[in-house]
Amino acid sequence: MKNLLAIFNSIGLDERIIKIFRKEILPPDFEFRWEPVDNFFYAFPPFFIPIFVDQGEPGYYGIVNHFFIERERTFAFLSLDAGYAWEEARTAEQYFADLILQMIVSEEQITSEIKNFTKEINYDPTELLWKFLNSNKFNGSTLESYHNLGIFSKNLPFTYALEPNLYKGEFPSSRSGINFDNLGKACMFEINKNVDIKPFKSEYPWLNENIPKKILFENYFENNELDRAWLTLNSSGWLLEEVTSSLEKLKTKTDEKLFHLVANNWIDGWKSSHLSKKDEKY
């Protein structure tokens, strides 16, 4: 995964997150759960740019970054057990607010370690967050209460939208619901597996698990429908070896530096991993 830092710089990832990735800044107890991605731990689709690997629940925390379609970048967790990603933050400030809130909830106080961490990242919302946690706006669950916190309420990630109409972003689903209007710009790994999308599978065949993805990709590629080819490539039903050849094909269709960085990072990461020795799928 040697291209990850170049990718982070290309997308303008917040420098403070990059410092955590490089272990130049260590949040309290962060290393007990999260490990910076330095190799191809688990199979993942190329629309997802991993930053940290979760050592507890298998999965990655990272950036959703689509090509060939108009979609905003966002922070998400890709769960291998659940089989899909959900949006957790839409900005770096939300990422840090969530990180700090989880620390405070865990410790039940603002410890000296938490204070030192907030100073290191030049982020000092602890008084505000502490007041929030001790107010009637917090019911003990961050999942159900973030819509009451200013930094989240105006730009709410889908995970924390208790009702679909509270969400104004482009992510297609959450752990509790789905935004049917955005299915046409979504891949299978962004769709909650517990939600029935059967009525839409004929309109968006890449979301149909019973359709061979490589054949569908080839059809879209030959017709220059690169948006649909990309979404097909990022849906389940692929041998990882086939993903590499399909990424190479898409590289011939664009000169975008970021796409080539992401594609090469995925290809090189897979080739140097233990997964390249197996008929592994995603």
Side-chain angles (χ1 to χ4, degrees), residues 7 10-11 43-50 60 62-74 76 78-80 82-87 158 164 167 169-174 177-267 269-270 280-282:
I7 292 170
S10 182
I11 64 175
F44 63 93
F47 83 95
F48 194 85
I49 301 172
Y60 293 104
I63 303 286
V64 167
N65 185 89
H66 280 286
F67 297 96
F68 307 108
I69 56 172
E70 291 294 325
R71 281 275 303 272
E72 64 181 359
R73 291 191 189 109
T74 192
L78 176 60
S79 169
L80 299 182
Y84 67 97
W86 52 78
E87 183 181 60
F158 205 175
Y167 182 62
E170 297 177 340
F171 209 79
S173 77
S174 69
I178 198 157
N179 186 341
F180 291 103
D181 291 339
N182 288 342
L183 283 182
K185 292 185 176 182
C187 62
M188 284 180 69
F189 285 104
E190 298 177 290
I191 306 297
N192 186 329
K193 305 300 182 189
N194 297 316
V195 177
D196 181 18
I197 61 168
K198 189 176 180 179
F200 299 90
K201 289 182 179 180
S202 58
E203 186 176 358
Y204 311 123
W206 60 90
L207 299 179
N208 188 335
E209 61 277 4
N210 297 318
I211 292 180
K213 297 303 186 296
K214 189 172 188 300
I215 296 173
L216 186 63
F217 172 88
E218 295 291 348
N219 289 338
Y220 287 141
F221 185 82
E222 292 302 321
N223 290 324
N224 212 38
E225 296 179 82
L226 300 182
D227 53 348
R228 292 187 163 217
W230 170 253
L231 293 172
T232 301
L233 182 60
N234 286 282
S235 294
S236 61
W238 285 87
L239 286 169
L240 301 189
E241 187 173 8
E242 295 173 341
V243 176
T244 63
S245 59
S246 298
L247 283 171
E248 292 287 3
K249 284 187 173 184
L250 286 173
K251 282 166 62 178
T252 68
K253 294 289 189 177
T254 178
D255 294 325
E256 185 179 355
K257 179 181 177 182
L258 178 59
F259 181 81
H260 283 255
L261 281 171
V262 168
N264 290 336
N265 184 68
W266 198 100
I267 293 167
W270 171 75
E280 193 80 14
K281 291 184 175 182
Y282 69 51

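In what follows, every heavy atom counts, from backbone to side chain, and hydrogens, waters and symmetry copies are set aside.
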| Donor-acceptor side-chain pairing of Asn210 and Lys201 below 3.5 angstrom |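 Absent: no donor and acceptor within the cut-off.
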
| message | Can a side-chain donor-acceptor contact be found between His66 and Glu170 if the only test is distance below 3.5 angstrom? | response |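 Not at all, the side chains of Glu170 and His66 share no donor-acceptor pair under 3.5 Å.
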
| field | Presence of salt bridge, Lys249 and Glu218, under 4.0 angstrom | value |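 Yes.
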
| Carboxylate-amine/guanidinium contact Lys281 Glu241, below 4.0 Å |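 No, Lys281 and Glu241 are not salt-bridged.
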
Distance-only, no hydrogens or angles: does the [X] side chain make a donor-acceptor pair with backbone N or O of [Y] under 3.5 Å?
X      : Y      : value
Asn234 : Phe47  : yes
Arg71  : Asn65  : no
Ser173 : Ile178 : no
Thr252 : Glu248 : no
Asn223 : Asn219 : yes
Thr74  : Val64  : no
Ser245 : Glu242 : yes
Glu203 : Phe200 : no
Glu87  : Phe158 : yes
Trp86  : Asn192 : no

| When you look at Tyr204 and Leu207, which way does the side chain to side chain contact (heavy atoms under 4.5 Å, CB included) test go after all the steps? | CA-CA 6 Å; Tyr204 311 123; Leu207 299 179; 3.9 Å; yes

| request: Evaluate the ring pair (Phe, Tyr, Trp, His ring centres under 6.0 Å) criterion for residues Phe189 and Tyr84: first the C-alpha distance (whole Å), next the side-chain angles of each, then the deciding distance (0.1 Å), finally the verdict. | output: CA-CA 4 Å; Phe189 285 104; Tyr84 67 97; 9.7 Å; no

| message | Apply side chain to side chain contact (heavy atoms under 4.5 Å, CB included) to residues Phe221 and Leu216 and explain how you reach the verdict. | response | CA-CA 9 Å; Phe221 185 82; Leu216 186 63; over 6 Å; no

Please find the pair of heavy atoms, one from [X] and one from [Y], that lie closest to each other, and give the distance.
X      : Y      : result
Gly184 : Leu231 : O-CD1, 3.6 Å
Leu240 : Ala43  : CD1-CB, 3.9 Å
Glu72  : Gly169 : OE2-CA, 3.7 Å
Pro45  : Tyr282 : CA-CE2, 3.8 Å

| Residue from Phe217, Trp270, Trp266 passing ring pair (Phe, Tyr, Trp, His ring centres under 6.0 Å) with Trp238 |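 Among the candidates, only Phe217 passes.
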
| field | side chain to side chain contact (heavy atoms under 4.5 Å, CB included) evaluation trace for Leu226 with Tyr220 | value | CA-CA 7 Å; Leu226 300 182; Tyr220 287 141; over 6 Å; no

| request: Please assess Trp230 against Leu250 for the test side chain to side chain contact (heavy atoms under 4.5 Å, CB included), listing each intermediate value before the final yes or no. | output: CA-CA 8 Å; Trp230 170 253; Leu250 286 173; 4.0 Å; yes

| task | Evaluate the ring planes of Tyr60 and Phe48, with Trp represented by its six-membered ring, and classify them as parallel (under 30°), tilted (30 to 60°) or perpendicular (over 60°). | result |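 It falls in the tilted class, 30° to 60°.
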
| task | Give the C-alpha distance, both sets of side-chain angles, the deciding distance and a yes or no for ring pair (Phe, Tyr, Trp, His ring centres under 6.0 Å) between Phe67 and Phe259. | result | CA-CA 7 Å; Phe67 297 96; Phe259 181 81; 5.0 Å; yes

